[in-house]
Asker: 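Here it is, the structure in full.
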Amino acid sequence: MINHIDHLGIAVRSIEQTARYYETALGLKCQRIEEVPSQKVRTAFFTVGQTHIELLEPTAEDSPIAKFLNERGEGIHHVAFATDHIENQLSQAAESGVRLIHDKPFEGAAGKLVAFLHPKSTFGVLTEFCMPKQECATH
Ligand code: ZN
């Protein structure tokens with residue numbers, strides 16, 4: 001079951017410059033900056049209620065975020081839904097005919113298990129499912 005929007009992923013050219021906007025204009029605090037080598041990105045997290053803003057800065061030219069920036073510029077990159085059972089959520093999407101980017105969840109930022117649905121199947125919105133890792137062990 002999907003419980004809430006966990007985060008919005010926003011593609012940016014510079015975390016430092018973008019963080020200044022979120023901190024100064026919006027008054028939010030940057031929780032942490034973390035590199036995710038598997039995705040070739042640096043991420044910065046801001047908390048808004050139970051939802052986060054995840055800034056994504058590419059660390060390599062062949063990063064998926066670098067490609068996104070080249071094609072579409074800065075802006076919302078993906079929407080992430082928090083689910084209590086990521087495998088079931090993926091099966092449900094696949095059974096309804098949605099193309100998956102990942103059949104199996106993998107470890108994303110903040111130690112969460114994540115997996116993506118293909119934007120061609122989701123009307124243009126790259127969609128992520130995510131689940132805190134510890135919950136996984138209980139299922
Ligand atoms: Zn994400």
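When a ligand or atom number is given, it counts from 1 through the structure's own listing order.
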Asker: Check this for me, if you would: do Glu57 and Lys40 make a salt bridge, where the nitrogen-to-carboxylate-oxygen distance has to be below 4.0 angstrom?
Answerer: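 Salt bridge between Glu57 and Lys40, a charged N being under 4.0 Å from a carboxylate O: no.
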Asker: Give me the atom names and distance for the closest heavy-atom approach of Met1 to Asp84.
Answerer: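 Shortest heavy-atom contact: N-OD1, 2.9 Å.
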Asker: His7 and Glu128: side-chain donor and acceptor closer than 3.5 Å?
Answerer: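 A pair is found: one side chain offers a donor N or O, the other an acceptor, under 3.5 Å apart.
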Asker: So how many protein N, O or S atoms does the Zn ion (ligand 1) have within less than 2.8 Å?
Answerer: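 My tally for this metal is 4.
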Asker: Would you call Asp6 and Lys112 a salt bridge, taking side-chain N to carboxylate O under 4.0 Å as the test?
Answerer: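 Here Asp6 pairs with Lys112 in a salt bridge, since their nearest N and O are under 4.0 Å apart.
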Asker: Measure from the side-chain N and O atoms of His118 to the backbone N and O of Ile101, and report whether any donor-acceptor pair falls under 3.5 Å.
Answerer: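 Side chain of His118 to backbone of Ile101: no pair is present.
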Asker: Side chain to side chain contact (heavy atoms under 4.5 Å, CB included) between Gln89 and Leu117: does it pass, once the steps are laid out?
Answerer: CA-CA 11 Å; Gln89 210 70 54; Leu117 309 183; over 6 Å; no
